[in-house]
Amino acid sequence: MAGRRTVLKGVLAASGTAAAGTGVGGAAATVRRAGPYTTSVQLRWLGVAGWQIVIGGRRSILFDPYLSRMPCTGPNGALDSRLPLRPDRAAVERVAAQHLAGPAPELILVSHGHFDHVTDVPQLLTRNGWRQARVRTVCDETVRHLLAAMGAPPRCVEDVIEVRGGEYLQFEGYTVEVFRSLHSRQADHGTFAPGHRAGPGRRPAVLGDLVEGDTLAYQVSVDGGPRILLMGASNFVERELAGVRPDVAAVPMSSHSAVHRYVERLLDTTGHPPLLLPCHHDDMRTSLTGAPHLLAASVRGTAAEELSAAAPASRVLAPRHLGAVDVTAELSPRS
């Protein structure tokens, strides 16, 4: 059996294997090898911070599913809150039909109200392929009001599980813990589209109308399977995650230069999870159904390298858009 402390040599594709080495660092870098598991879990990256979790091959959860990939930047390359909000309904249905086939999601977990996290939720709640299922949204008050303002049916809005952080929710076969969190900071320490909604109000028309609300993080713990930490932004509340020990962490790697030691503090706080998946490091615009080489070019390649440098004892996998990672297999002990 390889030693509990291993060195990752190079960055791995989602289908690749790790190269093991020998000892590093102190106790904080010790990897707690999980598994074997009795329940299989797969994670599929939907781009930006979005994920599909497939449990046992027959149940699923969505997190921050953003499939429209609308134009979102101005001439200078920065996000432009004044651009029109134009969901691409055809693209959403195409991706859902081709890549989210199988069981309808039981839950859609939403981290906050920005366009690249919530825009497509109303359509997904009512898509024909999932008509017979009960799909529930877990979100804060602002997102609930945004769903109503964007035209989600009243029955879906009334069925929202509204959370604020601190909740520990029991479902059949898994639990969902909710943590208060923080949004990423721009280089000048500002944030994109801050604010809250206390009611549905007018229908959102531009990107900036989808305001942040309260940013949340989630941990999904599968009975007989791994614990998965999901975050929607490159920031967090250290005290909220103290003592949390996920087996898998999906780590947003959007700009974080204004957040003190974001990656290092996150890994230290969560005990250096054995498996790390970088996300929120693509351009948010390139079509998910376009040419593979264009999608590959939309990803900031240094994100996985940054994670592996900060976590030499963890296994870092660089996910591919819409590609599935068998996390239970990746976490199983290797001889």
Side-chain angles (χ1 to χ4, degrees), residues 46 48-53 60-68 70 81 85-87 89 92 96 100 104-127 130-131 133-171 174-184 191-220 230-233 235-237 240 252:
L46 306 179
V48 196
W51 296 92
Q52 179 197 39
I53 305 174
S60 72
I61 298 169
L62 295 181
F63 173 72
D64 281 0
Y66 175 57
L67 313 178
S68 281
M70 299 173 290
S81 62
L85 183 65
R86 294 177 178 168
R89 295 185 62 85
V92 172
L100 304 183
E106 299 174 7
L107 302 174
I108 300 180
L109 311 177
V110 181
S111 66
H112 61 284
H114 284 161
F115 74 93
D116 52 326
H117 302 261
V118 77
T119 292
D120 298 326
V121 174
Q123 179 179 346
L124 291 169
L125 286 170
T126 58
R127 71 177 296 261
W130 298 336
R131 185 181 296 276
R134 184 187 187 188
V135 183
R136 306 188 71 185
T137 308
V138 183
C139 61
D140 79 328
E141 179 186 23
T142 290
V143 169
R144 178 169 62 84
H145 291 315
L146 288 172
L147 294 178
M150 289 188 289
R155 63 177 175 81
C156 295
V157 178
E158 292 166 4
D159 209 23
V160 161
I161 302 172
E162 186 176 317
V163 292
R164 299 166 58 182
E167 293 84 0
Y168 200 159
L169 307 175
Q170 177 71 60
F171 298 92
Y174 60 88
T175 60
V176 176
E177 296 173 77
V178 189
F179 306 103
R180 288 174 286 271
S181 196
L182 294 170
H183 195 268
S184 314
T191 59
F192 177 83
H196 293 77
R197 276 210 182 195
R202 63 181 177 84
R203 188 179 186 90
V206 298
L207 301 186
D209 287 339
L210 295 181
V211 294
E212 175 190 345
D214 294 320
T215 293
L216 303 168
Y218 299 89
Q219 180 167 263
V220 176
L230 301 163
M231 299 166 55
N235 205 349
F236 70 106
V237 179
E240 283 285 306

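If you're wondering where the values come from, they're calculated on a predicted model, not measured in any experiment.
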Hey, does the side chain of Arg203 reach the backbone of Met150 with a donor-acceptor pair shorter than 3.5 angstrom?
yes

Indicate the atoms forming the closest heavy-atom contact of Gly208 with Val211, along with that distance.
O-CG1, 3.6 Å

Please report the interatomic distance CD(Glu141) to CZ(Arg197), rounded to the nearest 0.5 Å.
12.0 Å

Closest heavy-atom contact between Ser181 and Ala217?
CB-N, 3.9 Å

Between the main-chain N or O of Phe171 and the side-chain N or O of Thr175, is there a donor-acceptor pair closer than 3.5 Å?
no

Arg136 side chain to Asp159 backbone, donor-acceptor under 3.5 Å
yes

Closest non-hydrogen atom pair between Ser111 and His117, with its separation
OG-ND1, 3.5 Å

Do the side chains of Ile61 and Pro105 get nearer than 4.5 Å, heavy atoms only?
no

Does some side-chain heavy atom of Thr215 sit less than 4.5 Å from a side-chain heavy atom of Leu182?
no

Between Arg180 and Leu216, which heavy-atom pair has the shortest distance, and what is it?
CA-CD2, 4.4 Å

Could you go through the side-chain contact (heavy atoms from CB on, under 4.5 Å) check for Phe115 and Tyr66 one step at a time?
CA-CA 8 Å; Phe115 74 93; Tyr66 175 57; 3.8 Å; yes

May I ask you to decide whether Asp209 forms a salt bridge with Arg202, counting only side-chain N to carboxylate O separations under 4.0 Å?
yes

pair Leu169-Ile161: side-chain heavy atoms closer than 4.5 Å:
yes

Going through the distances and angles, do Val135 and Leu125 end up as a side-chain contact (heavy atoms from CB on, under 4.5 Å)?
CA-CA 6 Å; Val135 183; Leu125 286 170; 3.9 Å; yes

Nearest 0.5 angstrom please: Ser60 OG to Trp130 CH2, how far?
6.5 Å

For the CD atom of Gln219 and the CD atom of Glu177, what is their distance to the nearest 0.5 Å?
5.0 Å

Minimal heavy-atom distance between Asp64 and Gly232, with the atoms involved, is OD2-CA, 3.8 Å

Could you check if a side-chain atom of Pro153 sits within less than 4.5 angstrom of a side-chain atom of Thr126, using non-hydrogen atoms only?
yes

Would you say Leu230 and Trp51 make side-chain contact, with heavy atoms under 4.5 Å?
yes

Residue list, salt bridge (Lys or Arg N to Asp or Glu O under 4.0 Å) with Glu167, at least two apart or on another chain
none

Take Val206 and Ser81 through the side-chain contact (heavy atoms from CB on, under 4.5 Å) test and state the conclusion after the steps.
CA-CA 7 Å; Val206 298; Ser81 62; over 6 Å; no

For Thr137, the side chain to side chain donor-acceptor pair (under 3.5 Å) test, sequence neighbours excluded, returns none

What residues, two or more places apart in sequence or in another chain, satisfy ring-ring contact (aromatic ring centres under 6.0 Å, His included) together with His183?
His112, His114

For Tyr218, ring-ring contact (aromatic ring centres under 6.0 Å, His included) partners two or more places apart:
none

Would you mind reporting whether Leu109 and Leu62 have side-chain heavy atoms less than 4.5 Å apart?
no

Partners meeting side-chain contact (heavy atoms from CB on, under 4.5 Å) with Val92 (sequence neighbours left out):
Leu67, Ser68, Asp120, Gln123, Leu124

Side chains of Ile108 and Val138, heavy atoms from C-beta outward: is any pair under 4.5 Å?
no

List the residues meeting salt bridge (Lys or Arg N to Asp or Glu O under 4.0 Å) with Arg164, not counting sequence neighbours, and say none if there are none.
none

Between Asp140 and Asp214 the two heavy atoms that sit nearest each other are OD2-N, 2.8 Å

Given side chains that start at C-beta, do those of Leu100 and Leu46 come closer than 4.5 Å, heavy atoms only?
yes

